[in-house]
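Chain letters run A, B, ... following the sequence lines, proteins first, then strands; residues in each count from 1.
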2 protein chains.
Amino acid sequence: MAKKYERIAEALRQDIRAGQLRPGEKLPAETKLAEQYRTSVPTMRDALRELHAEGLIDKRHGIGNFVRKPRPRVERNNERHQWEKDRARLVQAEREKTGSTEHDTGLTVSDLAFKADFREVPANEDLAAVFSVPEGTLLLERNYRTFPREGDAPFSLVTSYLVREVVSANPDLLDAANEPWAGGTQNQLLTLGIELDHIEERIMARPPTAEEAEELGLQKGVSVFQLRKISTDTTDRVVEVSDVILPGDRTEMVFTTPLARW
Amino acid sequence: MAKKYERIAEALRQDIRAGQLRPGEKLPAETKLAEQYRTSVPTMRDALRELHAEGLIDKRHGIGNFVRKPRPRVERNNERHQWEKDRARLVQAEREKTGSTEHDTGLTVSDLAFKADFREVPANEDLAAVFSVPEGTLLLERNYRTFPREGDAPFSLVTSYLVREVVSANPDLLDAANEPWAGGTQNQLLTLGIELDHIEERIMARPPTAEEAEELGLQKGVSVFQLRKISTDTTDRVVEVSDVILPGDRTEMVFTTPLARW
DNA sequence: GAGTGGTCTAGACCACTGT
DNA sequence: CAGTGGTCTAGACCACTCC
């Protein structure tokens with residue numbers, strides 16, 4: 001015999017998929033549900049936990065359980081990097097002509113930085129290795145919180161690192177008040193005479209920390225993408241390292257790899 | 001005051017990180033632990049569930065809870081695609097000279113197919129759209145189970161689709177007995193006169209289905225990468241679609257994006 | 001304050017594993 | 001068989017949200 005909580009979960013799944021329970025709709029209280037399904041509250045909660053892990057329901061403490069509205073997935077395409085690079089110079093060219101209308105144009109098509117927070121930190125072992133600098137080298141750490149335009153939940157947590165020494169040639173870059181910066185990071189690097197050659201991204205999936213779950217409005221059990229983006233310039237020097245946390249249930253990452261012709 | 005099960009989880013985390021509890025070591029029985037921490041068994045289990053979700057312990061029914069040995073992460077780099085493409089012709093060249101020593105050289109550096117299972121299916125709406133063929137078009141569906149060389153748990157579940165009509169020019173490709181195929185899929189396509197131009201990969205993270213958890217030896221709550229790889233040839237035709245499930249806790253995906261010079 | 005989900009207890013019994 | 005984790009019960013009380 002199937003486990004009781006699984007049978008209950010399956011019954012609720014059917015109701016949801018069949019449209020008996022519609023997106024946004026509130027489920028009966030857990031005590032009521034336990035009664036309906038002739039079981040105890042803890043067992044009922046086991047069933048609900050299953051649905052929750054699958055992303056079918058949202059749990060809201062003190063309010064209730066709700067059938068989840070399918071959240072729009074956001075696509076993150078690696079073509080954005082070339083796009084950003086092209087744009088970095090465009091913006092620069094226009095600046096020379098027109099002045100500064102740049103403030104409207106955000107960083108990237110679907111990102112809009114609302115909060116930027118800068119500080120200086122010494123490189124730990126990990127970062128020192130990636131940058132190929134001695135441990136303890138001063139880095140500029142920049143924290144961003146970005147939101148989708150629609151005023152939904154915040155969408156990604158970004159921590160970016162630059163070598164302080166390298167950046168100091170342009171003092172504007174040290175001030176968080178200048179964010180969001182028209183033309184994005186690649187334009188910032190351009191002001192330092194740095195051109196990027198390639199970008200490497202390493203992706204892992206893991207459960208969110210309590211902090212991340214809080215900030216991203218995630219529920220326990222939903223996994224996050226952890227992405228480390230490493231930007232290397234044309235002299236083969238690592239110039240930026242960026243750690244990004246993305247909600248696994250709302251993000252779709254797309255990478256296109258071109259192949260050399262035979 | 002912090003929640004009790006969180007305090008207990010934290011205490012155990014410390015013990016693990018500090019090396020008091022070593023990888024592979026068995027924890028005391030849940031009843032004993034509950035006693036030690038002066039709590040009930042269900043609460044103790046809440047704490048253990050937390051550690052389990054974080055990948056710090058393995059739960060083995062009927063045996064015990066164990067500190068997890070850090071499983072080697074497998075790196076999946078997109079440079080493999082170019083590597084495979086180069087290799088596809090190399091193998092071909094050597095075949096003409098020497099004969100068939102190809103059987104030793106697997107598909108890709110760290111993959112080894114142990115089980116291949118072929119069948120023909122009509123294209124559903126989803127696949128038809130990707131291939132740009134009418135719904136119902138016959139596809140060759142190939143299921144692979146790959147294992148890391150060390151005889152550990154199976155490592156990825158792959159379902160690959162090709163348009164049956166296209167493949168039939170080389171009947172050898174229709175027989176699962178010819179797997180693993182020296183030179184991999186790109187060599188198979190080469191025998192059909194097909195050269196790939198680029199590969200697109202779409203990545204999502206989600207909890208595993210019960211089936212996947214079973215096959216990959218995953219534990220509940222650990223998420224999987226779902227990767228769809230779309231291969232397009234030099235005539236801009238989609239020739240292969242491959243759905244891959246990878247364990248999120250053991251896989252690190254790496255993508256390098258080259259940028260055009262200014 | 002009323003109603004909700006979250007935490008916690010103290011057990012009982014079942015299912016799985018190894019000897 | 002003994003020992004383990006998995007499921008399930010029937011409650012109590014706390015923390016949160018809304019009115």
key: The single option from B:H52, B:R45, B:K59 passing side-chain hydrogen bond (donor to acceptor under 3.5 Å, both in side chains) against B:N65   = B:K59
note = Rounded to whole Å, CE of A:M44 lies from P of D:dA10 at a distance of 15 Å
request  = Measure from the side-chain heavy atoms of A:T43 and tell me the nearest of C:dA15, D:dC8, C:dG5.
outcome  = D:dC8
query = Is the distance from OP1 or OP2 of D:dT9 to the nearest side-chain N or O of A:S40 less than 4.0 Å?
reply = yes
request  = Decide, yes or no, whether a salt bridge links A:K3 with A:E50 under the criterion of side-chain N to carboxylate O below 4.0 Å.
outcome  = no
ask   = Between B:T39 and C:dT9, is there a side-chain N or O to OP1/OP2 distance below 4.0 Å?
value = yes
Position toward the 5' end of DNA chain D (nearest nucleotide), A:P42 or A:I63 = A:P42
query = For B:N65 and D:dT4, is the shortest distance between a side-chain N/O and OP1 or OP2 below 4.0 Å?
reply = no
ask   = For D:dT9, does either OP1 or OP2 sit under 4.0 Å from a side-chain N or O belonging to A:K4?
value = yes
request  = Please lay out, stage by stage, how A:Q36 and A:M44 fare under the test side-chain contact (heavy atoms from CB on, under 4.5 Å).
outcome  = CA-CA 10 Å; A:Q36 274 183 40; A:M44 192 65 227; over 6 Å; no
ask   = Has A:Y5 got a side-chain N or O lying under 4.0 Å from the OP1 or OP2 atom of D:dT7?
value = yes
query = Pick the nucleotide of DNA chain C nearest each of A:R45 and A:G62; which residue has the one closer to the 5' end?
reply = A:G62
inquiry  = Which nucleotide wins on minimum distance to the side chain of A:K59, given the candidates C:dG6, C:dT9, D:dT9?
reply    = C:dG6
ask   = Where the side chain of A:H61 is defined as all heavy atoms beyond and including C-beta, which of D:dC8, C:dA15, C:dG5 is the nearest nucleotide?
value = C:dG5
